[in-house]
Structures are given as structure tokens and as C-alpha cells.
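Let me begin by presenting the structure, written as C-alpha cells, before commenting on it.
Read the numbers this way: they start at 1 and go in the same order the structure lists the ligands and their atoms.
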Amino acid sequence: MLLKDKLFIAGRWVAPHGRETIDVHNAGNGQVMGRVPAGDAADADAAVKAARSAFESWRNSCPASRAEFLEKISAGLKARADELARTIAQEVGMPLKMSGRIQAGLPIANFANYARILKDFIFEEKTGNSLVIREAAGVAVAITPWNYPLHQIALKVAPALAAGCSVVLKPSEIAPFNAFILAEVVESVGLPAGVFNLVTGYGPAVGEALVAHADVDVVSFTGSTRAGKRISELAAQSVKRVALELGGKSASLILDDADLAAAVKGTLNGCYLNSGQTCTALTRMLVPDSAYEEAKKIAAELAKGFTVGDPLAEATKLGPLSSQAQLDRVRGYIAKGIAEGAELVAGGAEAPEGAPAGGYYVRPTVFGKVKNSMTIAREEIFGPVLSIIPYRDEEEAVRIANDSPYGLAGAVWSKDEARAQRVARRIRAGQVDVNGGAFNMNAPFGGFKQSGHGREAGKYGLEEFLEYKSLQLKG
Ligand code: NAD
């Protein structure tokens, strides 16, 4: 059992104000794997005060010394990479090997990357008689979800620290242990007290208190569109800067000249990654009418290959979902897809055969003949559920791809690269993969429409934590 009974505030592990705790469940077997404090408004206030006191000297520190801290944090996380991979595999359900590469590997890389970015970043430039300065935006609050828990933390905490902001982190109550490992690393590298603070607890209690706090300047949030809207309302009362990374319902648009087998495989992998609990999951696969039967056959065959099992087992390709609530939600969507008349091509709402007892397992599912108006094509499912939507021609395909309240990601497949790029430019989304182009940690990440606003990653993520100031000079 992982038992955490303290919060990290002002450089020390301190007892929370209240006595309430939160049980954290192991996604693989449903058992309680540990407990963390359920912080409250008093804890939020203590953390913000600590961050405020630390801000002045941190913002005035030189970028090179901040870079040094970021490098040390990256190295400290690296030294605990196996523990991180295992902890997150159990919190979230991602198979262990992949968890090592993605859930532990990406945050380690991102902390180091921000040290590199700092070395080249231009903080001051002249325009006419003005000196334009980029300076730290202030006290930053980071509120993060459970699906890529430490990655999402790193995409906020690393650029905030790089910018010279002091930070209060409120991680997901469903996957909080990785954040404690980060706080232990931060403590071990001797970051000045109050520059980084960790408060755990539920969103409406501690999250809202942080967002509404008068001494907070910036809020960076990743999570559901529902919570994002609430946070925007609260932050508006004191005109705080807010960056929102929300949900998605991304389309994979397979053009009629694409390599169908490669495109379906790439789409299904993108849809089932982390058991579908990925905000950029390619959940709507658009195929030409003429290729529909073949695409359906390929997808059904590939889905069978996603062996469901314990995230720590070697053979597992598809781990469990992260929680009982998530399991109920995803099964509900599968039932709804059937009820609304989609064709069940693979999987279904029943528990997968042979999956470990107590865990939150769901069958890799494929629906055919999906209409874009159906619930399964409109709402974010956050499970391994692919919808195949047939289309008549390129115009209709682009229209369907863009007919969504979301605009986070997408994919386009064609043997003609120029055509693929032309279509990709027409997709209203923050990132579009062309013929399976690889993930790039320096490219801006974020959404259009109800997928949010603001960008994370690379130099674009750093800019979210900086203000412009111009000095009008006389000479
Ligand atoms: P969630 O919105 O329920 O919770 C996210 C975080 O917000 C948690 O820390 C939670 O405690 C906190 N929170 C909840 N309500 C709050 C409130 N009223 N005030 C302040 N904080 C509050 O989301 P989740 O279930 O943890 O994550 C899944 C969702 O996140 C999905 O919709 C997914 O698409 C989205 N997501 C988006 C991205 C992205 O970058 N665009 C990345 C990952 C996840």
C-alpha cells in the first residue's frame, strides 16, 4: 500500500488541514493500492501563499540556473523511471513496457527539453524605440488529469518553472502517486522552497479554491470540457489567464488512394493507445464507400490481436480502463452504439473473457456503418471503441471530419503526399498526422473549438507562462 499523508508546501512535507483521504485503485484488479490526502481550501491557500512568497526571487533568477534545476529534475525522474512506469501502469492501466516508454519516458524527456529550450529562448528584443521583455506571468496553478498523468504534469510544471513562475500542482485524484514521486525529486534537487508545491484532492474542493484564489495569475488545465468550462467561469471573476487542454473526437481520414492496410492499422493503434484513454485518440475512421467492406475486415481482424490483460503482464496489448466510473461509461457508450443502429463489428459491452477479476477491462470494439450524428461519433468515449464512418467523396469526408464540437487532432492518409497535406490543412484541429507522421515533442499541442485554447509543448508551451512587457526608451 502506498500511503501518503502529507502535502508538499513551501519546501516541506506538511500535514493537510483536514483528515479526509482518497482511496486510489489499481486499474488491473480494482483493489485499493494506496491513499492520499483530500486537501481543502485551507491547503490550497497555504500552497498559493508559499508560491507567492517564492515568486519574486524565482522570477529574477537567471535562465541558466533554472535550466540546471530542470536538468536535475529530469535526471532525478530518470533514476526512478522503473518505479514511475510501474506506478502509472497500475494507476492508469497502460501495459508496463509502453508505460515505461511513454508515461515515464516523456516527462523525463520534457523536463530536459525545457532546459534546452531555455538556453536558446529570446527573452528580450528591440522593436523601434521599445525593448520588449518576456517575463514570468506569476503564480501558476496546474490542474491535471489521470490518463497520461506525469506527462501532463511535466507539460505544465516544466515550462512554468522555466519561465520563472512558481507553481501549485493539483494532480488527478485517480492517479496521484506519480506526482508524489515528482515532489520527492524536486525536494531532492533543492529547488528553492515554495517554487513548486503539491496539493492533492478533489476538483470541486481544492481545484476550485486554487482557480478562484486572488493570488493566482495563471491557470493551466487539462481534463474534461465540463471541468474546463467551470474553471473558465471561476477564473473570469478575477480575469486570470487560462489555458485549456480538453477532449477530442478526432477523425482519421483515409483517402481513396491510401494504403488501406497501413491506414487502418495506424488508425486503430491511435484509437486503442492507452485503452482509448487518449485525448488525441483517432476515434472516427472515415473510409470511402468503395473501401468500406475491406476496411471493416482489416479493423475487425486487428482488434482481435489486442490481447486484453493485466497491465503488468508481458503479453498484454490492451490494459484496463482507469476506474469503475470509466468502465461503466465506456460500456454505456457501446450499448448506445448498438441501440442507435451502428453495426457491431468487433468487441461489445460484455466483460472480455479471461480478464483478471476486479479490474476495469473492456473489449476492443469496432463499430461499422456509423453515422456522424450518432452519440458514439459525437461524444468522447475514452475507451477502445472505433467508429467507421463511410463517405462518398473527399468533400463529404472533410465536412464529416470537421463536423464535431471538438478540434484537437486528426489524421490523413493518401499515397499522394501533396494531396494528403492539402486535405490536412482543411481539418480544423490543432494537430494532424499525415500518413502516420511521428509525434514531435517540440510541436505545439492543443485544440480548436471545444478542445480548448492555448498550446503546450516546446517553446509554444513556455509562452503560455510568459507576459510581454515593453519599455519605451528615449534614446
Ligand atoms: P476531469 O476534468 O474530471 O479532471 C481533470 C482534473 O481536473 C482533475 O485533477 C480533477 O480533480 C480536476 N477538476 C475536476 N473538476 C474540477 C473543478 N470543478 N475545478 C477545478 N478542478 C477540477 O477529467 P479527467 O476525467 O481526469 O480526464 C479525462 C478528460 O481529460 C477527457 O475528457 C480527456 O479528453 C481530457 N484530456 C485532454 C487532454 C488534452 O491535452 N487536450 C489530455 C488529457 C486528457
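At a threshold of 4.0 Å, the pair Arg116-Asp120 does not count as salt-bridged, since none of the basic side-chain nitrogens sits closer than that to a carboxylate oxygen. A salt bridge links Arg52 with Asp217: the distance from a Lys NZ or Arg NE/NH1/NH2 to an Asp or Glu carboxylate oxygen falls below 4.0 Å. A salt bridge links Glu233 with Arg230: the closest approach of a Lys/Arg side-chain nitrogen to an acidic carboxylate oxygen falls below 4.0 angstrom.
Ordered by chain and residue number, the residues placing a heavy atom less than 4.0 Å from ligand 1 are Ile143, Thr144, Pro145, Trp146, Asn147, Gln152, Lys170, Pro171, Ser172, Glu173, Gly203, Gly207, Glu208, Phe221, Thr222, Gly223, Ser224, Arg226, Ala227, Arg230, Ile231, Glu245, Leu246, Gly247, Cys279, Glu380, Phe382, Leu408, Phe445.
For the pair Arg455 and Phe445, the cation does not sit on the ring face, since its NZ or CZ is not both under 6.0 Å from the ring centre and inside 45° of the axis.
Here the side chains of Ile181 and Thr87 are in contact, with some heavy-atom distance below 4.5 Å.
Every residue two or more places apart in sequence or in another chain that forms a side chain to side chain contact (heavy atoms under 4.5 Å, CB included) with His453 is listed here: Leu244.
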